Amino acid sequence: MDDGVQDPLLQEENELLKRRLEKLQAWRQKGIAPYALRFDRTDSTARLHERFRDLPAGEDSGYRTSVAGRLMALRRHGKATFADIMDAEGRIQILATLDGLGDPRYEDFLMLDIGDFVGVNGVVFRSKRGELTVRVEQFSLLSKSLRPLPEKWHGLRDVELRLRRRYLDLLVNPETRERMLIRSRVVKELRRFLDERGFLEVETPMLHPIPGGAAAKPFKTYHNALGQELYLRIAPELYLKRCVVGGLEKVYELNRNFRNEGISYKHNPEFTMLEFYWAYADYNDLASFLEDMLSEVILKVKGELVFPYQGRELDFRPPWERVRLLEAVSEAVGTRLGPDTPMEDMVVLAERHGVSVEKGWGKGKVIAELFEKLVEPELWNPTLVMDYPKEVSPLAREHRDNPFLVERFELIAAGRELANAFSELIDPVDQRERFLEQLRMRERGDEEAHRLDHDFLLALEYGMPPTGGLGLGVDRLVMLLTDAHSIREVILFPHLRPEEV
RNA sequence: GCGCCCGUAGCUCAAUUUGGCAGAGCAGGGGACUCUUAAUCCCAAGGUUGAAGGUUCGAGUCCUUCCGGGCGCACCA
């Protein structure tokens with residue numbers, strides 16, 4: 001070991017690590033491979049608990065099982081040792097005794113550390129104290145653990161450690177595991193709902209030459225061979241619409257979007273969106289579809305539509321409340337607002353409510369800002385906010401009754417946006433004009449204004465059927481269903497700054 | 001990006017108010033113990049107090065800068 005190349009693990013001072021490395025060697029010296037290839041299990045821990053639920057205390061089942069898992073606790077009593085092993089579904093107690101294992105093997109058993117993976121064969125019984133237990137007749141070390149697990153009683157509390165070493169968080173904090181299971185079920189149920197209704201899941205590019213479909217700052221990257229700048233997508237919208245042009249009448253994509261913006265309890269740089277497009281439907285169809293979809297998914301996942309979130313009750317029972325954005329904002333400011341309201345009045349009103357109007361903003365933008373500032377945070381139970389200003393919705397179709405507005409709604413719950421939907425703008429001439437307007441906003445310095453996408457316009461020019469499209473923030477939905485305050489709690493590996501200095 | 005708060009043993013926390021020997025539980029080591037389950041009992045060990053600098057006879061504690069995190073605001077979904 002003094003020839004220059006040294007195992008960095010051995011360099012570490014930590015006493016606990018050293019001891020375990022020594023044990024690793026001791027296993028090898030005994031001729032036991034500390035990292036096994038495989039193990040035949042007959043049962044999971046949950047299956048055993050289920051099967052022997054009624055076995056009385058002190059009784060032997062006569063059933064010989066083989067289970068495997070991670071050693072989570074050790075209670076040594078001299079010539080008998082209790083231990084708990086944990087698998088994906090739960091834990092079970094095992095009992096190793098000198099009588100049962102014989103002299104050298106019992107000594108081996110005592111060499112196990114908490115954290116090691118073991119496979120165990122033996123008969124299932126219920127202990128005098130009523131704990132279902134496997135009496136160890138044979139065991140194998142399946143994988144040696146070299147580092148101590150977090151504290152058995154308090155678990156891992158430190159938020160930074162929980163996020164940086166999420167595997168430990170998952171191991172010792174059942175709430176974390178439960179959140180991730182719920183997330184998985186939500187995603188599965190969303191897909192199932194759409195699949196059952198004839199929607200086709202598609203995968204569109206993550207690398208976009210022109211980032212489009214949303215107002216957001218993109219991440220920039222570079223393709224070496226092509227010498228081309230590319231952007232991580234901020235939304236799949238424009239590609240999904242191309243699919244509809246191509247005759248895929250019902251499509252969806254459930255995957256990541258990337259936005260180069262601030263990180264907060266509601267924002268991660270990469271987040272999961274469901275977007276679907278439905279030919280021949282308008283935003284009214286989407287609103288009832290969304291009600292059906294979410295109430296079914298929530299019911300399947302949580303078993304109820306009324307549940308607590310951050311100490312308050314959330315009621316997702318349909319029909320959800322519907323308000324018109326103009327009316328909600330008008331009520332909030334105490335003055336009837338609309339396209340006829342003079343801009344000067346609107347500026348005064350906005351400033352009075354803490355919204356500073358920037359150059360280039362039109363009436364629609366001011367109203368949208370007022371909504372976000374005054375109304376959105378106050379909406380607790382799910383509310384469909386209908387009819388947004390055209391100015392802030394360059395991809396949505398003009399409202400059938402009001403040219404100042406578009407046929408767009410957002411679903412707001414717990415004071416935040418959950419979903420955004422509209423009757424899609426399918427008129428290529430109108431779309432081109434809207435893009436040009438966005439371009440003028442970009443030139444005035446609005447970094448988040450949409451960019452002109454000629455290829456997308458080309459697709460529209462071939463003809464796109466009337467279509468309704470909807471985007472749903474999956475992370476945010478999961479936050480509500482898992483009572484998570486922060487988006488980081490529902491993302492396995494949220495973005496953190498690098499640890500090393 | 002700005003403001004406030006936090007960082008002590010592998011983990012969970014004391015000691016910071018008012019500067020005066022850095023302590024416990026769990027985990028780990030040695031010993032006792034064949035139905036325990038946060039096992040119990042005895043013994044010993046474990047620290048660059050996030051990093052660097054400063055004030056002071058003396059700094060975990062006070063000051064400055066930096067790193068990381070949390071919360072709030074701003075931006076956004």
Side-chain angles (χ1 to χ4, degrees), chain A residues 12-20 22-23 57-58 72-84 91-101 106 113-115 125-133 135 145-165 168-169 171-173 213-217 234-235 257-275 354 356 358 369 372-373 376 410-412 416-420 446-448 471-477 479 485-488 494 496-501:
Chain A
E12 238 176 287
E13 288 299 308
N14 191 310
E15 182 64 27
L16 301 163
L17 188 63
K18 252 189 228 165
R19 294 231 178 247
R20 290 193 174 210
E22 284 163 14
K23 273 193 191 170
M72 296 303 286
L74 276 169
R75 293 177 291 281
R76 297 190 176 102
H77 298 260
K79 300 188 182 68
T81 296
F82 289 95
D84 299 333
R91 295 183 179 210
I92 196 159
Q93 175 168 273
I94 63 177
L95 170 62
T97 61
L98 181 59
D99 290 347
L101 279 172
Y106 185 68
D113 286 309
I114 289 174
F125 74 107
R126 194 173 290 280
S127 72
K128 285 176 192 164
R129 297 286 180 92
E131 187 71 33
L132 196 68
T133 307
R135 183 177 286 113
S145 164
L146 297 180
R147 290 182 188 272
L149 294 180
E151 219 248 8
K152 64 180 171 187
W153 190 244
H154 299 94
L156 194 62
R157 281 286 130 74
D158 186 273
V159 176
E160 188 176 352
L161 270 182
R162 284 185 46 235
L163 301 180
R164 288 194 194 279
R165 305 195 193 163
L168 295 178
D169 190 25
L171 268 180
V172 302
N173 293 326
K217 290 179 205 130
I234 53 176
N257 288 344
F258 307 87
R259 298 192 184 172
N260 206 342
E261 287 153 2
I263 296 173
S264 81
Y265 74 99
K266 327 188 236 194
H267 302 270
N268 197 59
E270 50 181 305
F271 63 102
T272 300
M273 258 315 249
L274 165 66
E275 279 199 23
S356 56
E358 291 171 24
E369 289 291 327
E372 281 178 28
K373 173 101 182 178
E376 189 172 289
E410 287 193 358
L411 171 64
I412 311 294
R416 64 196 71 169
E417 179 188 341
L418 265 194
N420 180 18
D446 183 350
E447 274 186 85
E448 294 183 358
L472 172 74
V474 174
D475 312 274
R476 289 188 176 179
L477 174 61
M479 285 168 72
H485 168 71
S486 166
I487 195 168
R488 287 182 318 251
L496 292 178
R497 284 191 171 85
E499 193 172 14
E500 296 304 312
V501 276

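Protein chains get the first letters and strands the later ones, always in sequence-line order, with residue 1 at the start of each. Hydrogens, waters and symmetry mates play no part in the numbers below; they use all other heavy atoms, side chains included. Quantities reported herein were computed from a predicted structural model and do not represent experimental measurements.
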In whole Å, measure the gap between the [atom1] atoms of [N] and [M] for me.
N	M	atom1	value
B:rG3	B:rC66	P	11 Å
B:rC6	B:rG50	P	12 Å
B:rG19	B:rU56	P	16 Å
B:rU65	B:rC4	P	11 Å
B:rG10	B:rG29	P	16 Å
B:rG23	B:rU16	C1'	14 Å
B:rA59	B:rG54	C1'	11 Å
B:rG7	B:rA52	C1'	16 Å

Check the distance between [N]'s [atom2] and [X]'s [atom1] and give it to me in whole angstrom.
X	N	atom1	atom2	answer
A:Leu74	B:rU40	CG	C1'	15 Å
A:Lys79	B:rG31	NZ	P	13 Å
A:Asn268	B:rA77	CG	P	15 Å
A:Arg126	B:rU36	CZ	P	15 Å
A:Glu261	B:rG1	CD	C1'	14 Å
A:Arg76	B:rU40	CZ	C1'	15 Å
A:Glu15	B:rG28	CD	P	13 Å
A:Asn257	B:rA77	CG	P	11 Å

Taking only the side-chain heavy atoms of [X] (C-beta and beyond), determine which of [options] contains the nearest atom.
X	options	result
A:Arg497	B:rA77, B:rG69, B:rU37	B:rG69
A:Thr97	B:rC75, B:rU34, B:rA77	B:rU34
A:Ser127	B:rU37, B:rG29, B:rC75	B:rU37

TODO: Tell me, yes or no, whether the heavy-atom count around A:Glu447 atom CD, taken from other residues, nucleotides or ligands under 6.0 Å, exceeds 12.
DONE: no

Task: Exceeds 12 heavy-atom contacts within 6.0 angstrom, atom CZ of A:Arg165 - done: no

Can you find a side chain N or O atom of [X] that sits less than 4.0 Å from OP1 or OP2 on [N]?
X	N	result
A:Arg476	B:rA77	no
A:Arg75	B:rA39	yes
A:Lys266	B:rA77	no
A:Arg164	B:rG69	yes

TODO: Please tell me if the side chains of A:Glu372 and A:Glu417 come closer than 4.5 Å, counting only heavy atoms from C-beta onward.
DONE: no

TODO: With the side chain counted from C-beta on, respond yes when A:Phe271 and A:Arg259 share a heavy-atom pair under 4.5 Å apart, and no when they do not.
DONE: yes

Open item on the list: Given the structure, check if the side chain of A:Asp84 and the base of B:rU37 hold any donor-acceptor pair shorter than 3.5 Å.
Closed with: no

TODO: Determine whether any donor atom in the side chain of A:Gln93 lies under 3.5 Å from an acceptor atom in the base of B:rU36, or the reverse, and answer yes or no.
DONE: yes

Under 4.0 Å, heavy atoms only, any strand: does [X] hit a base, just the sugar-phosphate, or nothing?
X	value
A:Phe125	base
A:Ala215	sugar-phosphate
A:Arg129	base

Can you check whether [Y]'s main-chain N or O pairs, donor with acceptor, with [X]'s side chain at less than 3.5 Å?
X	Y	result
A:Arg135	A:Leu95	no
A:Asp475	A:Thr272	yes
A:Asn268	A:Arg488	no

- [ ] Calculate, to the nearest 0.5 Å, the distance between atoms CD and CD belonging to A:Glu369 and A:Glu358 respectively.
- [x] 7.5 Å

Open item on the list: Distance check, rounded to the nearest 0.5 Å: A:Leu168 atom CG versus A:Arg162 atom CZ?
Closed with: 11.5 Å

Task: A:Arg75 and A:Asp84 ion-paired at < 4.0 Å - done: yes

TODO: Considering only NZ, NE, NH1 and NH2 on the basic side and carboxylate oxygens on the acidic side, decide whether A:Lys18 and A:Glu22 come within less than 4.0 Å.
DONE: no

TODO: Measure the acute angle between the ring planes of A:His485 and A:Tyr265, then classify it against the limits of 30° and 60° as parallel, tilted or perpendicular.
DONE: parallel

Determine which nucleotide pairs with [N], using a 3.5 Å limit on both distances of a Watson-Crick or G-U wobble pair.
N	answer
B:rA51	B:rU65
B:rA24	B:rU12
B:rG46	none
B:rU18	none
B:rG1	B:rC73

Nucleotides 70-74 of chain B: which of its N/O atoms have a protein N/O under 3.5 Å away?
unit_1 : atom_1 : unit_2   : atom_2 : d
B:rG70 : OP1    : A:Arg488 : NE     : 3.3
B:rG70 : OP1    : A:Arg488 : NH1    : 3.0
B:rC71 : OP1    : A:Arg488 : NH2    : 3.3
B:rC71 : OP2    : A:Arg488 : NH1    : 3.4

Task: Sugar-phosphate or base contact per nucleotide [nucleotides 2-14 of chain B; S, B, -; heavy atom under 4.0 Å] - done: --------BBSS-

Task: Residue mapping more 5' on RNA chain B - nearest nucleotide basis, A:Asp475 or A:Ala80 - done: A:Ala80

- [ ] Report yes if the ring of A:Phe82 lies under 5.5 Å from the six-membered base ring of B:rA39 with planes under 30°, and no otherwise.
- [x] no

Open item on the list: Walk me through whether A:Glu160 and A:Arg164 qualify under salt bridge (Lys or Arg N to Asp or Glu O under 4.0 Å).
Closed with: CA-CA 6 Å; A:Glu160 188 176 352; A:Arg164 288 194 194 279; 3.0 Å; yes

